[in-house]
Each structure stands twice: as C-alpha cells, then as structure tokens.
Amino acid sequence: MKNYRLHLIRHGMTDANSRGAYAGRRTDVELSPKGIQELIALKEEYEYPPVAAVFCSPMTRCIQTAGVLYPQAELQVVPSLAEIDFGDFDGRTIGELQDREDFRQWIANSSKEAPPGGESIEEFSHRVAVGLSSVLAWVMQNDIQDTAIVTHGGVIRAILASMALPRLAPGQLLVGNGRGYTCFATPQLWMRDHIIEVAGIMPHGAAEAAKLDPAFAAAMERLTASLDREE
C-alpha cells in the first residue's frame, strides 16, 4: 500500500511568541533572531528529512522558516493554512486582555464561540481541512513521496485533533517552534475517511514535539486560576 509522508512543521519563534501574545492570521510578524538561531540549532542537531515539495502558510514567519530549513525549495503558498483569526484579540497578550469581559467569556467557551471579529474553531478547522485536502490532492496526483508543510501551531493542532490517528493527548497537540510531526497518508484511508496517521516527531531524533511557549503557558495558567476562583 502506497504511503505518502507529510512533515508538519511549526514556524520558528517570533517576538510575539516570546511575549505570550496571540499571533493569528492578522499578525504577520517575522522570526526573531532567537527563533532563527533555534531553527539552525535544531537543523544541525536533528534531521529535517529531504523533501520534493514544500507547502507553506502565507505568513512571513512560515515563509522564513521554510527558507531556513529548506533553502533550495520552491515554496507553494496555501492561504487556507494560515493561523486562526483571533479577531480583536490578535496581537495582544493575555495580560492586556484578561480584564475584558468578552475575552474572559471566550476563554471559558472558546471551543464553541469565536473571538469578536474572528473565526470559530469550527470555521477554522473547516478551512484547514480544505487546505490539507488541496495539498494531498496535488501530492498524490504528482506521486510525491515526501512533502513538508510549514505552518502554525494552531493549524497542526487542528489537523491532529480531527484528521489524524492515533488521537493524541491534549498535551501532545501543543507543538513547539520548529517542531511537529511526520504523518503517513494512504490514498485509500484518506479518500474514504479523510484520515492521516501520525508516524513520528519532527525533527526526526528530537525528544518531543509538545512544547507550549513558556510565556504563554504561564499567562494562561494564571488566567485559568483566576477564572476558577470566580466560579
């Protein structure tokens, strides 16, 4: 049975990541110097496998990441693989938002509600599914064995949560910068069930893929504790 390998890779660190800000579809930031250095270090120590095609979110941070990891590749930009639209919250930190009632309401029910002016999880997941389908259609039509998809943590989480087996624990869906997963796509399984299979961690040889940005994790923990005290 034919297997096509998809290497899902999250972009490198940005200053927005370091600040713990929501960096979504509206926040087109560049990689930070630290982010570029981290990508180079990961590439030197571990393996980003050679690929015949590289697909990429249109956001600058993803295009730059692809340039560091696959400098010789010709990128194919897929607009539907951009990060979720956080609407009015985009570009702001939890500290800047935590006193807003609309933010607190969204945090309490973010799986069902969209942020003001932004996308719901359902809308976002549908968009990502359309993007992944277009990539796989091209890969299978052109019989490309290894393909990299350089995108965002939210996009990778959406794929793993609804279109991949085995189902990963919530903590495994939090993908660190420059990290991700290698997945197998077989035409039969994809055409029948729209499912791919998680095969390993990216880059190959790294200890883990699950690594939430420390600043964001700490701020979210404080906010969650605050909401719990109020209930």
Side-chain angles (χ1 to χ4, degrees), residues 3-24 29 31-51 54-57 59 61-62 64-70 81 83-84 94 110-111 121 124-125 128 132 135 146-185 195-224:
N3 274 329
Y4 296 94
R5 288 185 290 268
L6 299 179
H7 307 290
L8 309 177
I9 306 168
R10 185 188 176 193
H11 64 79
M13 177 76 74
T14 68
D15 286 335
N17 295 148
S18 299
R19 293 189 298 111
Y22 286 99
V29 293
L31 297 179
S32 65
K34 179 181 178 182
I36 294 173
Q37 292 170 2
E38 286 180 343
L39 288 175
I40 293 171
L42 284 170
K43 186 177 180 181
E44 290 176 348
E45 186 170 359
Y46 304 111
E47 181 194 7
Y48 291 92
V51 298
V54 179
F55 291 85
C56 193
S57 157
M59 309 304 288
R61 53 196 182 270
C62 294
Q64 289 178 321
T65 298
V68 173
L69 300 181
Y70 295 103
L81 294 180
E83 184 60 287
I84 192 170
I94 293 175
S110 60
S111 63
I121 294 296
F124 172 58
S125 297
V128 170
L132 183 62
V135 170
D146 280 89
T147 301
I149 300 178
V150 183
T151 182
H152 307 267
V155 172
I156 295 174
R157 287 196 296 274
I159 292 171
L160 297 178
S162 62
M163 291 174 275
L165 291 175
R167 300 299 186 199
L168 301 181
Q172 294 174 292
L173 300 179
L174 304 174
V175 182
N177 295 103
R179 294 168 172 82
Y181 289 92
T182 290
C183 298
F184 289 154
I195 291 293
I196 60 177
E197 298 174 280
V198 178
I201 289 170
M202 283 289 291
H204 295 172
E208 61 177 14
K211 183 184 177 185
L212 188 63
D213 303 319
F216 190 86
M220 183 61 76
E221 184 176 348
R222 290 194 297 271
L223 177 63
T224 301

Task: Donor-acceptor under 3.5 Å (Arg179 side chain, Asn177 main chain) - done: yes

- [ ] With rounding to the nearest 0.5 Å, note down the distance linking CE in Met202 to CD1 in Ile149.
- [x] 11.0 Å

Open item on the list: Could you measure the distance from the CZ atom of Arg5 to the SG atom of Cys183? Nearest 0.5 Å is fine.
Closed with: 12.5 Å

TODO: Output, in order, the C-alpha distance, side-chain angles, deciding distance and verdict of side chain to side chain contact (heavy atoms under 4.5 Å, CB included) for Arg61 and Glu83.
DONE: CA-CA 11 Å; Arg61 53 196 182 270; Glu83 184 60 287; 4.1 Å; yes

- [ ] Identify the two heavy atoms, one from Leu42 and one from Pro203, that lie closest to each other, and give their separation to 0.1 Å.
- [x] CD2-CG, 4.4 Å

- [ ] List the atom of Ala16, the atom of Ala23, and the distance in Å for their closest heavy-atom pair.
- [x] CB-CB, 4.0 Å

Task: Rounded distance [0.5 Å steps], CG in Leu174 versus CD in Glu208 - done: 10.5 Å

Task: Pairs touching residues 147-182 that satisfy ring-ring contact (aromatic ring centres under 6.0 Å, His included), sequence neighbours left out - done: His11-His152

Task: Val54 and Thr147, any side-chain heavy atoms less than 4.5 Å apart - done: no

Open item on the list: On a heavy-atom basis, which atom in Ala148 and which in Ile9 lie closest, and how many Å separate them?
Closed with: CB-CD1, 4.4 Å

Open item on the list: Show the nearest heavy-atom pair for residues Asp15 and Ser32, with the distance to one decimal.
Closed with: OD1-CB, 3.3 Å

- [ ] May I ask you to check whether Thr14 and Asn17 show a side-chain donor-acceptor distance below 3.5 Å?
- [x] yes

- [ ] Assess whether atom NZ of Lys34 is packed by more than 12 heavy atoms of other residues, nucleotides or ligands within 6.0 Å.
- [x] no

- [ ] Under the side-chain contact (heavy atoms from CB on, under 4.5 Å) rule, collect the residues that match up with Glu47, sequence neighbours excluded.
- [x] Pro49, Pro50, His204

Open item on the list: Minimum heavy-atom separation for Ala185 and Ile196, please, with both atom names.
Closed with: CB-CG2, 3.9 Å

Open item on the list: Please check: side-chain N/O of Glu197 versus main-chain N/O of Phe184, any donor-acceptor pairing under 3.5 Å?
Closed with: no

TODO: Say whether, by atom type as modelled, one donor and one acceptor occur between the side chain of Ser57 and the main chain of Cys62 under 3.5 angstrom.
DONE: no

Open item on the list: Within this structure, what is the CZ-CZ distance for the pair Arg157 and Arg10, rounded to the nearest 0.5 Å?
Closed with: 7.0 Å

TODO: Calculate, to the nearest 0.5 Å, the distance between atoms CG and SG belonging to Leu81 and Cys56 respectively.
DONE: 9.0 Å

- [ ] Sort and list the pairs that fulfil ring-ring contact (aromatic ring centres under 6.0 Å, His included) and have at least one residue in residues 155-174, not counting sequence neighbours.
- [x] none

Task: Results of side-chain contact (heavy atoms from CB on, under 4.5 Å) for Ile195 - residues two or more places apart only - done: Leu165, Arg167, Leu189, Asp193

TODO: Only counting residues at least two apart or in another chain, list the ones meeting side chain to side chain donor-acceptor pair (under 3.5 Å) with Tyr48.
DONE: none

Task: Listed partners of His7 passing side chain to side chain donor-acceptor pair (under 3.5 Å), at least two apart - done: Asp146, Thr182

Open item on the list: Restricting to side-chain contact (heavy atoms from CB on, under 4.5 Å), what partner residues turn up for Ala158, sequence neighbours left out?
Closed with: Phe124, Ser125, Val128

Task: Partner residues of Phe55 under the ring pair (Phe, Tyr, Trp, His ring centres under 6.0 Å) criterion, sequence neighbours left out - done: Trp138

TODO: State which residues pass side chain to side chain donor-acceptor pair (under 3.5 Å) with Thr65; sequence neighbours excluded, sorted by chain then number.
DONE: none

- [ ] Please lay out, stage by stage, how Met163 and Leu132 fare under the test side chain to side chain contact (heavy atoms under 4.5 Å, CB included).
- [x] CA-CA 10 Å; Met163 291 174 275; Leu132 183 62; 4.0 Å; yes

Task: CD1 on Ile159 to OG1 on Thr151, rounded to 0.5 Å - done: 7.0 Å

